[in-house]
Each structure stands twice: as structure tokens, then as C-alpha cells.
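Have a look at the structure below, then the notes.
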4 protein chains.
Amino acid sequence: MAGSSYGRLFQITTWGESHGKALGVVIDGTPAGLPLSEADIQVFLDRRKPGQTKISTPRKEADKVEILSGVFEGKTTGTPISLIVHNTSQRSADYSEIANYYRPGHADFTFDAKYGFRDYRGGGRSSARETIGRVAAGAVASKILNSLGITLTAYTRSIGPVTIDDLAFDARAILETPTCMPDYKASKKAEAYLDECMKSHDSAGGVIECLINGCPAGIGEPVFDKLDASLAKAIMSIGAVKAVEIGDGTQVASCKGSENNDAFIMQGDKITKATNHAGGILGGISDGSTIILRAHVKPTPSIFSTQQTVNKQGENIEISIKGRHDPVVVPRAVVVVESMAAITILDALLLNMGATMDHLYKIYKQ
Amino acid sequence: MAGSSYGRLFQITTWGESHGKALGVVIDGTPAGLPLSEADIQVFLDRRKPGQTKISTPRKEADKVEILSGVFEGKTTGTPISLIVHNTSQRSADYSEIANYYRPGHADFTFDAKYGFRDYRGGGRSSARETIGRVAAGAVASKILNSLGITLTAYTRSIGPVTIDDLAFDARAILETPTCMPDYKASKKAEAYLDECMKSHDSAGGVIECLINGCPAGIGEPVFDKLDASLAKAIMSIGAVKAVEIGDGTQVASCKGSENNDAFIMQGDKITKATNHAGGILGGISDGSTIILRAHVKPTPSIFSTQQTVNKQGENIEISIKGRHDPVVVPRAVVVVESMAAITILDALLLNMGATMDHLYKIYKQ
Amino acid sequence: MAGSSYGRLFQITTWGESHGKALGVVIDGTPAGLPLSEADIQVFLDRRKPGQTKISTPRKEADKVEILSGVFEGKTTGTPISLIVHNTSQRSADYSEIANYYRPGHADFTFDAKYGFRDYRGGGRSSARETIGRVAAGAVASKILNSLGITLTAYTRSIGPVTIDDLAFDARAILETPTCMPDYKASKKAEAYLDECMKSHDSAGGVIECLINGCPAGIGEPVFDKLDASLAKAIMSIGAVKAVEIGDGTQVASCKGSENNDAFIMQGDKITKATNHAGGILGGISDGSTIILRAHVKPTPSIFSTQQTVNKQGENIEISIKGRHDPVVVPRAVVVVESMAAITILDALLLNMGATMDHLYKIYKQ
Amino acid sequence: MAGSSYGRLFQITTWGESHGKALGVVIDGTPAGLPLSEADIQVFLDRRKPGQTKISTPRKEADKVEILSGVFEGKTTGTPISLIVHNTSQRSADYSEIANYYRPGHADFTFDAKYGFRDYRGGGRSSARETIGRVAAGAVASKILNSLGITLTAYTRSIGPVTIDDLAFDARAILETPTCMPDYKASKKAEAYLDECMKSHDSAGGVIECLINGCPAGIGEPVFDKLDASLAKAIMSIGAVKAVEIGDGTQVASCKGSENNDAFIMQGDKITKATNHAGGILGGISDGSTIILRAHVKPTPSIFSTQQTVNKQGENIEISIKGRHDPVVVPRAVVVVESMAAITILDALLLNMGATMDHLYKIYKQ
């Protein structure tokens with residue numbers, strides 16, 4: 001399978017370049033009978049839409065999604081769902097200059113190294129616009145998960161040096177603040193920090209956290225397709241992510257077994273855990289508690305300040321990247337992380353359906 | 001594909017339980033014509049063998065590998081290589097007790113939740129012995145990579161609070177110290193720390209780092225099969241790993257674009273980078289510089305001190321785990337990380353062979 | 001992977017329903033650097049276009065293909081090629097009636113059995129229009145194969161009782177006759193036979209043959225991914241195909257080893273075969289001679305004459321299918337067979353690139 | 001995925017050569033909780049065992065299967081089942097001669113063309129002994145299918161010119177006759193025919209038919225993973241099979257729609273069909289009636305009579321193949337066809353579990 005498909009049973013295949021005619025995704029493996037409309041998907045796409053606040057690019061994209069197949073009389077048919085978003089704002093002129101050199105922190109050089117040439121317009125295939133397909137598919141996956149009582153909540157944990165205060169956690173703030181932080185105060189601080197960055201022609205990174213509640217115990221495959229391994233791939237496949245943590249993540253390395261182990265305890269007649277350092281996954285399989293993951297996002301590589309690089313003639317040159325770019329990509333990547341997590345959890349649920357003879361009997365025994 | 005196979009073209013399938021008759025791996029997709037002997041593989045297995053030092057379990061396993069197929073007259077034939085290691089030390093008695101309760105930090109509970117029951121002897125399928133198959137396959141992958149000028153070096157970066165001093169880096173120490181640290185002084189400190197842990201009936205975690213040199217630019221697929229995404233899955237699929245970093249990893253979140261971008265510069269007529277914050281990967285594709293990854297490993301969940309848990313009767317109980325277990329798994333996991341990275345890089349090299357028409361012409365044009 | 005994708009490395013994913021907004025295909029894994037235009041693809045699509053002769057449905061579809069991604073400055077970029085064909089003629093009215101009963105020989109009943117309901121308009125996803133995506137992808141695969149000296153020629157071998165005369169074989173006739181037979185005389189006879197069928201409100205089947213020349217020896221994987229096994233799946237996945245033969249096919253069952261074996265002989269310094277009963281494949285791997293396959297196609301299930309069936313209310317009823325349908329699908333399926341064979345051969349060529357260390361050295365050894 | 005694995009969710013990976021130390025299979029994806037013993041598997045293996053009658057090779061192989069993993073306390077655990085059969089009779093001397101030339105009808109030449117060299121002992125990887133792994137896995141798949149009320153019956157339909165009389169069909173004869181024909185009279189005739197073949201130093205082919213009863217309607221995926229397409233690949237992947245038919249197969253090409261369509265009729269409150277020309281599959285999805293497939297098997301290529309071929313020095317030579325070989329492989333291939341069909345049907349059942357939201361609710365809705 002080539003690299004633009006993801007998922008074993010709920011499989012998405014994204015296509016499209018930043019400045020091509022359109023971008024889209026084909027979703028194969030959606031169970032039949034799910035009520036689905038373009039509005040269900042648009043809600044998710046609007047969360048990643050640019051041009052909404054001063055901290056995101058002025059590029060104005062309608063990013064209206066259209067369902068081309070797989071839905072009939074308001075319900076999924078079980079056949080491929082083809083979703084398309086047309087590119088309405090193609091100011092290619094902005095990008096003509098970069099055709100001839102390699103932007104630091106971007107994939108210009110590696111694409112040329114791999115393919116011999118590249119669509120240099122706005123990053124082409126390596127543009128963040130590729131995530132439109134992921135988010136559209138994430139909306140479908142999330143709707144299925146919600147109908148099973150599983151919910152995902154992703155948000156910005158930190159931007160540069162500004163981190164949220166867990167005690168001030170307020171879910172409403174995620175959709176109301178330009179930073180997608182669940183903490184109004186921290187968000188204001190982060191906005192101020194981003195103003196500085198812009199003034200100094202620089203950019204910032206941050207951390208995105210995602211909580212998955214309601215996932216039953218027993219999901220995920222042991223060995224190579226561990227649920228945390230699949231989540232790690234899904235999240236690391238998002239451009240700009242350079243580290244992925246599950247539960248206590250990097251902190252486990254420096255603590256002791258007696259501190260890191262989660263004790264099992266009975267809650268009524270249900271087995272639960274006294275703590276959740278593991279982040280809801282043991283041995284690659286969900287344990288019924290909240291699944292917790294974090295993605296560490298690098299600062300936007302496109303900055304106005306002067307940078308060293310080389311051109312195709314093999315000359316050392318100095319550049320200053322013009323055009324439109326965000327001082328931080330974290331807030332717009334929040335819904336991408338949530339979408340990739342949703343697709344991964346749904347795929348794991350589908351893979352788990354054949355785990356026991358009891359499951360087979362439930363579906364097939366007359 | 002079920003969860004015990006890994007790799008698209010260089011595909012490994014591991015099998016076996018801690019206390020079953022044997023464990024092994026089937027490697028499908030090895031290019032024909034590679035000189036290969038059991039000795040090539042044994043060298044890698046010996047690096048993960050238990051019972052070698054006081055900081056690893058006294059369990060004595062020969063762990064002698066046998067090639068059952070796929071090699072003829074000393075060379076790989078291109079057909080599946082079946083490798084087997086027989087379990088010689090099966091002190092099942094040690095484990096009879098744990099059949100009835102769930103060990104904190106282990107997969108006992110999640111296996112029961114998924115499958116309804118489990119092979120409780122020594123962790124069964126979730127035992128670290130499963131990695132025998134990964135390491136055996138890693139030896140084959142590494143031999144192929146080496147013949148192409150690509151080398152991997154994994155080592156312990158830290159154990160508990162003790163971290164190596166990069167200025168004291170000495171590769172020979174990796175194989176000579178019981179901690180697999182490339183720093184003799186730090187290793188001594190770590191050993192002292194582990195002595196404390198054992199005295200207090202506790203355990204420690206740590207960080208494993210892997211450097212991949214000589215990988216050509218252009219390897220890895222954009223979008224979902226990014227090289228860093230595949231590496232993240234490969235490494236996170238190793239039991240006890242809770243976080244994976246590429247290059248500067250978690251640090252990128254708090255630094256600025258001007259600090260994180262790597263400037264391209266000409267080195268003679270070759271394009272290279274002035275720094276390597278990216279860890280050798282841009283846009284999911286190798287850039288020709290050293291690929292750097294880190295795995296954060298949790299402390300051994302099996303500890304002698306008393307712990308809270310529940311039994312199958314749904315009663316809260318207190319346990320103290322007997323039997324044999326390491327105070328730290330990090331040193332023995334070093335070769336596992338190196339192996340999974342080697343398998344992933346080789347698979348990416350094979351996937352890249354069809355990336356351009358030029359490659360097809362090189363192989364097929366008459 | 002769900003069922004609308006085909007191919008391991010050259011992977012196509014088709015989508016769309018007969019009467020939806022559009023149909024299309026996403027091709028992932030096309031090598032970069034192939035000159036490609038919409039015209040290259042349109043030539044293939046025009047070969048399957050309906051409404052061209054009196055023996056194919058009067059439905060007039062422009063079936064104009066549009067490239068949405070993956071091609072830049074006239075060359076493939078190595079990223080997904082998204083192709084779309086809009087449905088311009090959607091006379092859904094014609095189909096409203098069939099919503100309530102199950103047409104014999106069609107997938108109406110089985111879709112309901114699987115998914116609970118279906119898009120009943122013109123067969124929905126099970127319509128022959130799904131093959132638009134296959135043919136569009138086949139055009140791309142064929143262009144790559146041609147550049148490597150591999151050519152495919154598919155044609156109608158028989159329609160009903162009328163079979164071509166091998167001595168009268170004339171390749172020009174394939175594109176010039178409405179039957180796609182390489183024999184002008186046989187084609188006339190077949191047309192007469194089809195006239196009868198139409199007069200008697202009935203339909204006909206036939207046999208499609210495909211010859212693949214120039215395929216090097218050594219392509220295809222032993223065991224499960226044998227080249228003939230992959231071709232069998234590719235061809236049998238075309239609606240209406242009920243049997244697939246390789247080389248002498250069904251005849252081998254009744255002949256003797258001494259008759260069926262192909263003797264190897266030297267032709268100059270090249271190893272070749274005196275005969276080709278095997279159809280170019282031995283042990284699942286190409287032997288360098290012409291690859292020969294045949295698909296047996298059933299008569300069009302949609303006929304005007306009265307048929308017995310049941311409706312959704314579970315009543316036995318009599319129906320007579322109105323609307324537009326071909327008396328035979330064979331001629332239009334010829335290019336579909338050729339396309340699926342091309343995609344399969346290309347995928348096998350790509351899979352074979354990693355078969356030997358020599359291949360790796362050719363691509364990667366400095 | 002390399003070529004020695006088959007199946008998406010119930011995935012088997014076979015390994016081993018004719019004269020290596022052993023052969024085996026790893027089965028990943030077996031649902032947990034299935035009672036399974038070595039005896040369950042041995043019954044199937046004994047059906048393909050050589051040296052049982054005068055019409056099969058005198059080679060005596062115990063072919064005793066051993067379960068190495070995946071079964072605990074008599075039940076499958078859901079983890080990989082590793083099965084091994086040791087090669088006890090390795091008369092390699094018999095084969096030393098063929099190392100230097102290419103046997104007509106065998107894979108000697110194509111393996112060399114692909115890999116550069118081959119394990120020439122007894123056909124190496126291309127030996128019929130590879131099917132040991134398929135049959136062992138088929139036994140597991142069949143046991144699961146049986147527990148769901150699905151049964152498979154494969155038998156020899158014809159050998160050379162001798163075909164069974166459907167009116168004389170007697171299932172007991174399948175296991176009692178050396179030909180595996182369900183017709184004692186026909187079997188005697190076939191044996192006489194095989195005697196002639198042996199006297200004339202020649203060999204025979206034949207046809208294997210497989211009936212699958214009890215498969216519910218709705219199994220199989222539309223488009224590329226049609227149930228008949230998957231069966232075609234599974235069966236064509238068996239060495240010596242040159243044609244595959246579903247239902248009426250090749251006959252459909254010459255009959256009319258009115259003859260080939262199966263009318264739907266109500267049987268009580270159940271929808272069934274008046275006839276079964278389709279062989280139980282419509283649009284790639286099972287329709288609830290008996291699934292019927294046929295495999296056409298070529299005559300054994302190894303014959304004693306003199307044949308033309310070439311040697312590695314590129315010289316035309318004459319050979320007469322010594323050693324042990326069957327005059328016909330059909331009877332021993334019967335259980336292989338049944339096994340591959342069972343594996344394919346089970347995999348399709350597992351893939352179908354996520355087809356509808358109703359299925360998800362049955363498994364996951366609290």
C-alpha cells in the first residue's frame with residue numbers, strides 16, 4: 001500500500017496539493033447505516049480553517065466540503081465516501097520564488113531528493129492543506145465513536161513557554177479561544193507571546209493533548225499493532241509533530257516502578273485503576289480508563305526573518321520568506337490530532353470485532 | 001493483517017509465548033543473495049539475553065537461534081526465513097500464582113478483557129521474550145543495511161536520574177557496560193542507582209537513543225507513511241515504551257522557528273545542513289543527515305514491594321510479586337530498539353525503489 | 001484494507017455510484033516523472049464509453065476525465081493522482097421502479113443482505129460504471145508498461161456461439177469493430193447473433209482474451225501472490241466474469257504431461273520455450289513468453305423478457321426490466337480486462353524491485 | 001506484504017522448502033476461545049499425505065504436525081498459532097542432478113530468473129510440500145466455519161477423460177477412493193486410466209470441485225474484494241491450477257441471459273433462488289445458496305519419458321526425470337482446494353463484521 005492511505009478496515013486515502021484544483025479523501029470501510037450529512041463534516045473542517053484570527057494566516061479559504069459518493073438518502077451505504085474541497089484561493093504568484101531554493105524546515109529538499117522534482121506551489125503535497133482530508137474523515141469516525149459512547153477532546157496544552165493550568169481547565173474555551181486552550185487566562189498569555197513572535201518575525205511551537213473517554217477495555221492488538229503504537233504513527237504522521245507521548249510519557253523514564261504502576265481497584269463490581277499513569281493502555285490494549293496522548297509540535301518553519309539556505313544551482317544564499325504563514329500551527333492542528341486519534345480508535349474497534357469466538361457467534365450464529 | 005506482522009515489503013511475523021515450546025519469527029521479503037548464517041543472528045540475540053549481569057534476571061536462557069528455511073548454500077533465497085528459539089527454561093511453577101490476579105503495569109487485565117482468558121505463564125504473549133523474533137529479524141535487516149553503507153547505533157541515554165555526558169561518549173562502552181551506556185562513568189553511577197532500587201524492592205526506567213548514519217536522502221513516504229511516523233510506531237510497539245522523540249523531540253514545542261530551523265549549506269558540491277534539530281527527517285522523508293530517535297522506557301512493573309490490585313473474584317487484594325525480574329529493562333531493550341529501527345529503515349528503502357521512473361529504468365529497461 | 005482498493009504498491013481506490021454526482025479513482029504509488037495528460041487517459045475511457053453502437057446502451061455519457069492532483073507541469077509527481085468523471089446523464093426516473101424488487105442476476109439482493117439497504121439507482125455501486133476508475137488507472141499503468149517495452153492486447157474472442165478464427169486475426173479490427181473482435185468476418189456474424197438476441201428480448205455473453213508481450217522473466221511472487229493468482233483476482237473482480245483461464249486453461253485437465261509441458265530451447269543465447277501451453281507463467285512467475293489469459297463473461301442480466309423474482313414485501317412477482325441496457329457487455333469489458341491486467345503486471349514489477357540484493361545495489365550502492 | 005502471507009484478518013504465513021529442516025505456517029488472527037488440538041489439524045494433513053496409494057509417490061512422510069504457540073489449555077488464545085512439520089525423508093541425492101538444468105513445466109527456470117539461484121532440492125520452495133502450511137491452516141479455518149454451520153466439500157470431478165456421474169454422487173467415496181472421487185465407478189475407471197499413464201511414462205490432470213454450504217448471504221466485498229475474486233486468487237495460487245470457475249463458469253459465455261439468470265423465489269418467508277447458475281455469488285457477495293467453484297489442474301510436469309530442455313550452460317539437452325512423482329496431483333490437491341476456500345470464506349466473514357452499524361452495536365453498545 002502506498003503512503004497516502006491510512007487504516008486497515010476504516011481506510012482513508014487523501015489526495016491533493018495546496019494549489020491544485022482541489023483536495024479530498026476517499027473513506028472506504030464506513031459501516032452502512034450511519035446518518036451523515038455535509039454539515040457533520042463541515043463542523044470539523046471549520047475548526048481547522050485558516051483566516052479566522054490574527055494568529056492564523058490571512059489566506060481566506062471557504063473549504064466547503066462536498067460528498068460525492070457513499071451516502072444515499074442521508075445514510076452511509078457501506079461503499080466508499082468520496083469527499084472533495086475545491087481550492088478557491090490559489091495565489092500561486094506568492095510562491096513562484098521558492099521554486100528555486102530550499103526553505104529550511106520544509107520538505108522542499110527532501111521531495112526533490114525523492115522524486116527528482118516537486119509541485120513547489122505552497123508546499124504542494126506537503127502543505128498543511130493535506131490535513132483537510134484527514135479532518136473530514138475524522139468527522140465521520142468521530143460520529144461513529146460518539147454513537148458508541150466514545151468521545152475525544154483535543155486542545156492546546158502549551159504554546160512556547162505558556163502552559164495551561166489544569167485547575168483552570170474549561171472545555172468551552174477550546175472552541176472559543178484563538179489558541180484552542182481550555183484556559184482563558186493562559187490563552188491570553190499565549191496570544192501576547194505570539195504577538196512578540198510576530199513582531200520579531202519569528203514563530204512558536206507548542207503541545208497538543210488529546211483525551212479519549214468511553215473506550216471499552218480490550219481494544220488494540222498486542223505486539224506490533226498496539227493501540228499506543230498505532231496512535232503514535234497516526235499522530236507522528238502529522239507534519240510538524242516531533243514527539244508523541246502516551247500517559248505520563250517522557251516522565252516514566254525517571255520515576256520508579258512503585259510510582260508508575262497503577263493499582264487496580266474495584267469500583268462497585270467494575271475493575272478500575274486508582275491512578276492512570278499508563279494513559280489508558282496496558283500492553284498495547286485499552287484498559288477502560290481515559291486514553292491520554294500528547295503531540296509536540298515544532299514552530300512554523302516559515303518565518304520572515306532572514307535565513308541561510310541553498311538554491312538549486314548549489315549556491316549558499318540568504319532568504320526571507322514572504323507570503324502568508326501562521327506564527328504558530330498548533331491551534332489549527334488540534335482538530336487534526338483529534339481526527340487522527342478518532343480514525344485510529346475506530347479502526348482498532350473494527351479490528352477487534354473478530355477477536356473472540358463469542359463475537360462471531362453474536363453476529364453469525366443462527 | 002492481524003497484529004503480529006510488521007513491515008510492508010520486508011515483513012516479519014513473530015510468534016510464541018514466554019513459556020511455550022518455542023518462540024520465533026518468519027521473515028518474508030528478504031532480497032535473495034545475502035550471505036546469512038545463524039552466527040549473524042546469534043550476535044544480536046546475545047545482546048538481549050538475560051542472566052548476564054547482576055542487573056538482569058538470573059533466568060538462564062541459551063536462546064540459540066536455528067534457521068529452518070530461506071537460506072541455501074549460505075545465501076538467502078528470497079523465500080521466507082523461518083527462525084526458531086526453543087524455550088529451555090520453563091519454571092512455570094513461578095507463575096502459577098499470578099493466574100488469579102492482575103499485576104499492576106502488566107497486560108494481564110487487558111488480555112483477559114480482550115480475549116476472555118490468557119496464557120498467564122510469565123506474561124505469555126505479552127512477555128519481553130516476544131522481542132526475540134524482532135531482534136533476530138533486526139539482525140538480518142542490519143546486515144542488509146550495512147552492505148549499503150547504513151549503520152545503526154542504539155544505546156542507553158539515561159537510567160532513572162543518571163544521564164550520559166555527550167562529551168564522554170565512547171561507543172565501545174555500549175557493549176562493555178551492563179547498562180549499555182556509551183559512557184563508563186555514567187554507567188557506574190547508574191549501576192549504583194539500580195542497586196538502591198533493588199534494595200528498596202523497586203525498579204527504574206530510562207531513555208534509549210538510536211542514531212542511524214548513512215541513510216540516503218529521499219527515504220520515507222509523505223503523508224501517512226512518513227519515515228518518522230513509521231519509526232514512531234515501530235518503537236512504540238516495544239512493550240514499556242511510553243514516548244518517542246525524533247531529533248530535538250519535545251524541546252521543539254518551546255523554541256522558536258529561528259532556533260529550530262536547520263539552515264541548508266553547501267559542503268563541497270553536496271547539499272547538507274548546518275544543524276540537525278530535525279533529526280534527519282523533513283516532511284517525513286530522510287534528508288541525508290543522521291536520523292536521531294529516542295524511546296522513553298517505563299520502570300519494570302514487576303517489583304517485590306507490596307502492591308494493591310484485584311483478583312478474578314473481584315476482590316481488592318495486596319500482592320508482592322515473586323519470581324525473577326530485572327530492576328530495569330532498558331539495557332536489554334537497546335538492541336530491540338536498534339532492530340525495530342533497522343527493519344523500518346530497510347522497509348522504507350524497499351518501498352522507495354519504485355518512487356521514480358528512473359528507478360524502474362535502472363532495473364527493467366533493456 | 002476495505003474492498004475498493006487494489007494493488008500493493010501501485011494502488012488504486014475507486015469510488016462512486018452509477019447515478020451519484022461523479023465517479024473516480026485515486027491512484028497512489030505512480031512513479032514520479034511519467035509524462036501524463038488527460039488525453040492519455042481519455043483514449044482508454046473512450047474505449048468503454050456507452051452509446052457508440054447499436055449493440056451498446058443508448059445512454060449518452062461524455063465521460064470526460066479530469067486530473068485533480070498528482071500531475072505537475074505535465075509529469076507525475078509521485079503523489080496521489082485523483083481522477084474524476086462527472087455523471088452527466090442521471091435519468092434516475094428510469095430506476096425508481098426497481099427500488100422495490102430484486103433483479104435476477106444483479107447484486108440488488110446481496111447488497112441489501114450485506115448492508116441493509118442500497119443505492120438502487122442504476123445498480124448504484126455495483127453498476128458497470130464503477131469500471132471507469134479501473135480503466136482510467138489502467139491507462140496510467142499501460143503508459144508506464146509501454147515505456148518499459150511491455151504491451152497488452154485484449155479483444156473479444158467469442159460472443160455467444162461465434163468465435164474468432166485465429167488465422168483471420170487482425171489487430172486493427174479490435175478498435176474498428178463494434179464487437180472488439182480481431183476478425184472482421186466473425187464480428188459481422190456476432191452482430192447478427194446480437195440482433196437476434198435483441199429481437200428475442202434476450203442477451204448474450206462471451207469470452208475476452210488478453211495477451212501481454214514483453215514482460216521480462218522473473219515477475220510475480222511464488223506461493224500466494226503468484227502472477228496468475230493475482231491476475232485471476234483482478235479479472236474475476238470485474239462484474240459478470242465467471243471463469244478465468246491462464247494459457248491452455250481448462251484444457252490442461254484432460255491432456256497428458258507429455259502434451260502440456262513446454263520444452264525449453266535455446267534461441268541464440270536466450271532461453272525460450274518451444275510451445276506456450278503455460279501461458280507465460282511457471283510456478284507463479286513469468287517465464288518471458290507471452291502471458292495469455294481469458295475471461296468468461298456472462299450474458300447481461302438485464303433483459304426485456306418477463307422474469308420471475310420477489311419484491312421487498314416477500315411476494316413472488318413477474319417483472320420485465322425497462323430502461324437502457326446492452327445486449328452484451330463483452331465489447332465494453334475488453335478495455336476493463338486490459339486495464340486490470342496492466343495494473344496487476346505493473347504492481348508485480350514494482351513488488352519485484354526488491355527481489356535481489358543486486359537490485360538494491362543498482363539503486364542504492366554509492 | 002511479501003508473497004508468503006494470505007488473508008486480511010485471518011492471515012496465514014507459510015514457510016519452508018521441500019528438503020529443508022521443516023515446513024510450517026503461522027496463523028495470525030484466529031479468534032480466541034476455539035477448542036483446538038493437533039488431532040484436529042492432523043486429520044486434514046493426512047488427506048494430503050503422500051505414499052498412501054499406488055497412484056501417489058512412494059515417498060513416505062510422517063507429516064506429523066506440532067502446535068508451537070497460540071493454544072493454551074486446549075483453546076486458541078487469539079495470538080499467533082505456529083504449526084511445524086519436520087521433514088523426515090530428505091533423499092537429496094535424488095535431486096542433485098536437476099540442479100543443473102530446467103525441468104519443463106516446473107519453476108526451476110523462473111526461480112533462477114527472479115532470484116539468480118534456487119534451492120533445487122525437490123523443487124525447494126515451489127514444491128507441493130509448501131501446501132502443508134495451507135492445509136494445516138485450512139483445518140483451523142474449517143473448524144471455525146463448522147461451528148457457524150458452514151461446511152465445505154471438495155472432491156475430484158474428473159481425471160483425464162474420466163468424469164464423475166452426478167447421479168452416482170456418494171460423499172463417502174471422497175475419503176475412501178484413492179482418486180477422492182465421490183463416485184466409486186468413475187474412480188475405478190480413473191485408476192485404470194492412471195495405470196496407462198504410468199505405463200506410458202506419462203501423467204494426467206483433472207478437475208477439482210468444491211461446494212460451500214451454509215454461508216449466509218451478504219459475505220464478500222463489492223468491487224475488488226469480491227468473494228469470487230478472492231476465491232479465484234486463493235485457488236489459482238495453488239501450483240498446477242490453470243483455470244478457476246464459479247458456478248456455471250465457462251458455460252455462461254455461450255448461453256443467454258434468460259437461461260443464465262437465477263429467478264428469486266420465496267421459500268416460506270425466506271428469499272431463495274429457483275436455480276444456481278451463479279454458484280452462490282452475485283455482485284461478488286454471497287446470496288445464501290451453495291457456493292460452487294472448480295479448479296482445473298494440469299498434469300504432473302515430472303514424467304519419466306524423455307523431454308527436451310536446456311541446462312545452465314545454455315545447451316539444448318534431453319532429460320528423463322528420475323526420482324519419485326505422482327502420475328496425478330489432483331487427489332492430493334483436493335484438500336488444498338478445500339483449505340484455501342475455507343480460509344477465504346472465514347476471512348470474508350471477519351471482514352464483513354464491520355459492514356453495518358448494527359453489527360457494531362451488537363458488539364459494543366452498552
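Small disclaimer: the values here were computed from a predicted structure and weren't measured. Naming convention: chains lettered A, B, ... in sequence-line order (proteins, then strands); numbering from 1 in each chain.
- Interface remark: A:Met340 contributes side-chain atoms only to the contact with chain B (heavy atom separation under 4.5 Å).
- The ring-ring contact (aromatic ring centres under 6.0 Å, His included) test applied to B:Phe109 returns A:Phe264, B:Tyr102, not counting sequence neighbours.
- Contacts of B:His359 with chain A are absent, with no heavy-atom separation under 4.5 Å from either backbone or side chain.
- If you measure heavy-atom distances from A:Ile303 to chain B, the contacts under 4.5 Å come from the side chain alone.
- The choice from B:Val330, B:Asp108, B:Asp358, B:Asn352 that makes the most heavy-atom pairs within less than 4.5 Å of chain A is B:Asn352.
- Pairs engaging residues 256-278 of chain B under the salt bridge (charged side-chain N to carboxylate O under 4.0 Å, His left out) rule: B:Asp262-B:Lys273, B:Lys273-B:Asp287 [sequence neighbours left out].
- Heavy-atom distances place no part of B:Phe117 under 4.5 Å from chain A, backbone and side chain included.
- The two residues B:Gly249 and A:Ala243 make their nearest non-hydrogen contact at C-CB, 3.8 Å.
- Residues forming a salt bridge (charged side-chain N to carboxylate O under 4.0 Å, His left out) with A:Arg134 (at least two apart in sequence, or on another chain): A:Glu130.
- Residues A:Tyr6 and B:Val223 fail the side-chain proximity criterion, which asks for heavy atoms closer than 4.5 Å.
- Between chain B and the residues A:Ala278, A:Ala274, A:Gly288, A:Gly247, the largest count of heavy-atom pairs under 4.5 Å involves A:Ala278.
- Between the side chain of B:Lys226 and the backbone N or O of A:Ile238 there is no donor-acceptor pair closer than 3.5 Å.
- For the set B:Gly105, B:Gly283, B:Ala232, B:Ser203, the count of heavy-atom pairs under 4.5 angstrom toward chain A peaks at B:Ser203.
- The choice from B:Ser258, B:Ala107, B:Ala263 that makes the most heavy-atom pairs within less than 4.5 Å of chain A is B:Ser258.
- Highest contact tally toward chain B, considering only A:Asp228, A:Ile219, A:Val162, is held by A:Asp228 [criterion: heavy-atom pairs under 4.5 Å].
- If you measure heavy-atom distances from A:His201 to chain B, you find no contacts under 4.5 Å at all.
- Residues A:Thr356 and B:Lys114 are not in side-chain contact: their nearest non-hydrogen atoms beyond the backbone lie 4.5 Å or more apart.
- Taking B:Ser158, B:Ala240, B:Gly116, B:Cys255 one by one and counting their heavy-atom pairs under 4.5 Å with chain A, the maximum is reached by B:Cys255.
- Residues of residues 309-320 of chain B lying under 4.5 angstrom from chain A, judged on non-hydrogen atoms, are B:Thr309, B:Val310, B:Gly314, B:Glu315, B:Asn316 in numerical order.
- Of the listed residues (B:Ser286, B:Gly206, B:Gly220), the one with the most heavy-atom contacts under 4.5 Å to chain A is B:Gly206.
- Of the listed residues (A:Ala204, A:Pro301, A:Ser254), the greatest number of heavy-atom pairs within a distance under 4.5 Å of chain B belongs to A:Pro301.
- For the atom pair CD (A:Glu245) and NE2 (B:His296), the distance works out to 7.5 Å, reported to the nearest 0.5 Å.
- Between chain B and the residues A:Ala229, A:Ser230, A:Ala355, A:Gly279, the most heavy-atom pairs under 4.5 angstrom are made by A:Ala229.
- With A:Asn261 as the fixed residue, the side chain to side chain contact (heavy atoms under 4.5 Å, CB included) test singles out one of B:Gln307, B:His106, B:Arg103: B:Gln307.
- Of the listed residues (A:Ser305, A:Ser126, A:Gly160, A:Ser200), the one with the most heavy-atom contacts under 4.5 Å to chain B is A:Gly160.
- When A:Leu231, A:Val244, A:Ile12 are compared by the number of non-hydrogen pairs under 4.5 Å with chain B, A:Val244 comes out ahead.
- In this structure, B:Thr110 contributes its side chain and A:Leu282 its backbone to a donor-acceptor pair below 3.5 Å.
- Using a 4.5 Å cut-off between heavy atoms, A:Thr131 does not touch chain B at all.
- Residue with the most contacts toward chain A among B:Pro222, B:Gly354, B:Ala217: B:Pro222 (heavy-atom pairs, distance under 4.5 Å).
- For the atom pair A:Met236 CE and B:Met236 CE, the distance stands at 7.5 Å (nearest 0.5 Å).
- Between A:Lys233 atom NZ and B:Ile235 atom CD1 the span is 13.0 Å, to the nearest 0.5 Å.
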